[in-house]
Structures are given as structure tokens and as C-alpha cells.
Amino acid sequence: MPSTKAAARKWARDVHQVLREHEVRQVATVPDAGLIRLLEIVAGDTGMRLVTLTSEEEGIALAAGAWLGGQRSALLMQSSGVGNCINMLSLPALCGIPLLMIVTMRGEWGEFNPWQVPMGQAVRPVLAAMGVKLFPVEHEDEVGPAVAAAAGIAFNGGLQAAVLLTQRMLGAKRFADQE
Amino acid sequence: MLNRRRLVADILAERGETLLVSGLGAPSYDAAAAGDHPLNFYLWGAMGSAAMIGLGLALARPERRVLVITGDGELLMGLGALATIAAERPRNLAILVLDNEAFGETGRQAGLTGRGVALSGIAAAAGFAATLEIAGANDTSALYELLYRTPGPVLAVAKISLEPEPQVLPERDGRYPTQRFRAALLGPERATR
């Protein structure tokens, strides 16, 4: 069975620890159920500014502004939001600005909502076409290391990287995780 | 109607240590025409990003005034940013919209602000701390007060003439201005890391 509550808390803590180690100060999001734990932890960290967006591409521009000002950021979203980001990915690509994205996937493994399938299935080719390096994760104990790898390639190389938390790992959407 | 080139030059003459983000197209040419500056970040693309770049910068450097100069079409493409910015309440962020009510770069097609869409009203309703709309040179002292001294987030709309101005092109590359900006703001050793 994927993603017990305890396991979800564990990987969320792992991600938060990696973000702290990489001195991430601005965390932007359009929330997703798969991100509940991580968003709670970030909201409780006074060293991080959690910025709630109206649409995901705003977070790419926010990351560029943060970088110009000397701060690192991360962008957390559901896979449907990737489609909103396409043209805006020109900005970090052209300017050599680091971008760390963490994407909770829908539309791939056990999806109940067919509206999630087109964009969910398009996430990898779309991001790859815009030059984003991909780090798909299928097991909870790999989440922290994957975020560390993506953060390293982004912040050390001025590149754009996305960790894809697969639906196989997260489990098909169920609202029970919200307690 | 104001002349955009003169207005931007006059505003930037008062900038002091202000950090500048200019939206794609003519606002970037206006900023470059006023005199290149290492603390200018000129956009040549990523339409709809200028205000949010301003927010990221303003949150990162709360001690510095951040000014975004952009066009009506550029702001409308990322209109949700006004809500995001209003909710974050950055006291150091100011946005100036150069509003010619048209898509000036692509053949002067009519835009939406000439048909009753009021960006200052939208910003005010979103929760901006102060907004202003000016159409003549008599109002510019209030404009300077708003952009440089009023606690933000603030937004001003300046109705400008559609008369074309000569293109003054800033650096076309993205990496050089990014690193130059960071070097000027943070010191050279942090420009690339």
C-alpha cells in the first residue's frame, strides 16, 4: 500500500530538511492534497516565506525575483499546474536562474478523474522540451535524496529541475489523508 | 497624455538605490533610454512576469525599494499577480503601469484598458495599500510620492501617448544582466552562486 500517513509525514520532513540545508527562503505554491504535510511544515518555519499563488507560472517569476535579490526558492504544485508554466520557463532558462520544482503527479497511476489524465501524461515531455531536468520518485525513502539531487543541479548549475512525486508513490487521490 | 520616454526618465532620475524591473517591450526600452544601470533587470520576454519578479525581489530585499515599470498588456497577462502581491503586502514594492491602451509592440491593436478596464481599480480592490491614476504632467509629484515613499504595495497607472519612440535596446542576453544585477546588489562573489 502506498503512502501511509506516517510515511507521508516522513518524506515531508525529509524535503523540508533538504530545503533548509539549501537555504531556501521563499516557497511558492498552488496547494495540492499530496503536499499537505510539507506545506504545513513550511508554514510553521519562520525562516521560510510561504507564498500562495493564483497560478503556478507566478512562482517561476517569483523565483527569478528572489534569485536577483539573493534568495533561493522552491515551487510546489500539482501536475496540472505544469501546463501553466510553459512559456514562463523561458525566463530561468535564458537567464541561468536556478529553479527547483516539486510536482505531485495526477493522471498516471490509479487516477479516478479523467480530466487529470491529459496534463498528467504530458508533464514529462513538456518539462523536458523546456529544458527542465527531471527527477521522478516512486518510493517514499527516495524523496529526500531526489530533492537534494534536484536542488544541487539547480542551485549549483543555474539550471531548472523538477522532482516528480509519482502517483504510484503518493497513492491515488483520497481525502482521508487530511484526517 | 504623458510622453512615456520623458516620464520614465524623470522618474528614474529620482531612483536613488531603487531596484528596477522593466516589463517586456517598450518599458524596457524606456528604462534603457533613461540610462543603463546595473540594478535594472530588463525583460525581453516572459510576458506577465514583471510584477511577480518584483514581488520575489521585494521579499528578498525588504530594506530596498523595488519598482516595476511595465505595460498594460503585460500586467493584464499576469493579472492574478495583483492578488498574490496584495495578500503578501510587501511594503517596499511599487508598480508603475505605462498604459497606452494598446498592444504597441505588435501593431497598436486596441487593448482592454481603453474599454473600461481600470487596473488601478483592480489593484485597489485586491488590497493594494494605495493606487493612483494620472494622465497629465501636473500630477507627477503625487506619482513620485507614491512610487518612492508610500508604504506598499502601491500601483500607479500613467496614461501615456501611443506615439512611437525610437527603440533603445538593452542587453539582449539574459545571463549577463542577471549576474550584473546580483553582483551590484550582493557583491561580486555571490553573482553566480
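Lettering follows sequence order; numbering is per chain, from 1. As the structure is a computational prediction, the values presented were derived from the model and not from experiment.
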request  = Working to the nearest 0.5 Å, report the span between CG of B:Leu79 and OG1 of A:Thr54.
outcome  = 8.5 Å

remark   = Shortest non-hydrogen pair, A:Ala66 vs B:Ala60, comes out as O-CB, 3.9 Å

query = If you count heavy-atom pairs under 4.5 Å between each of A:Asn87, A:Leu91, A:Ile97, A:Leu62 and chain B, which one has the most?
reply = A:Leu62

inquiry  = Please classify the contact of B:Ile85 with chain A as side chain, backbone, both or neither, using a heavy-atom distance under 4.5 Å.
reply    = neither

query = CG of A:Leu68 to CG of B:Leu185: how many Å apart, nearest 0.5 Å?
reply = 8.5 Å

note = Rounding to 0.5 Å, atoms CD1 (B:Ile53) and CD (A:Glu58) come to a distance of 12.0 Å

ask   = Between B:Arg182 (side chain) and A:Trp67 (backbone), is there a donor-acceptor pair under 3.5 Å?
value = yes

request  = Can you see which heavy atom on B:Thr178 is nearest to which on A:Cys95, and at what distance?
outcome  = OG1-CB, 3.3 Å

inquiry  = Checking the side chain of B:Glu88 only, and the main-chain atoms of A:Val51 only, is there a donor and an acceptor separated by less than 3.5 Å?
reply    = no

message = Does atom CZ (B:Arg115) have a neighbourhood of more than 12 heavy atoms from anything else shown, all under 6.0 Å?
response = no

ask   = What's the spacing between B:Leu59 CG and A:Gln26 CD if we round to 0.5 Å?
value = 5.0 Å

query = At what distance, to the nearest 0.5 angstrom, does CE of B:Met47 lie from CE of A:Met88?
reply = 10.5 Å

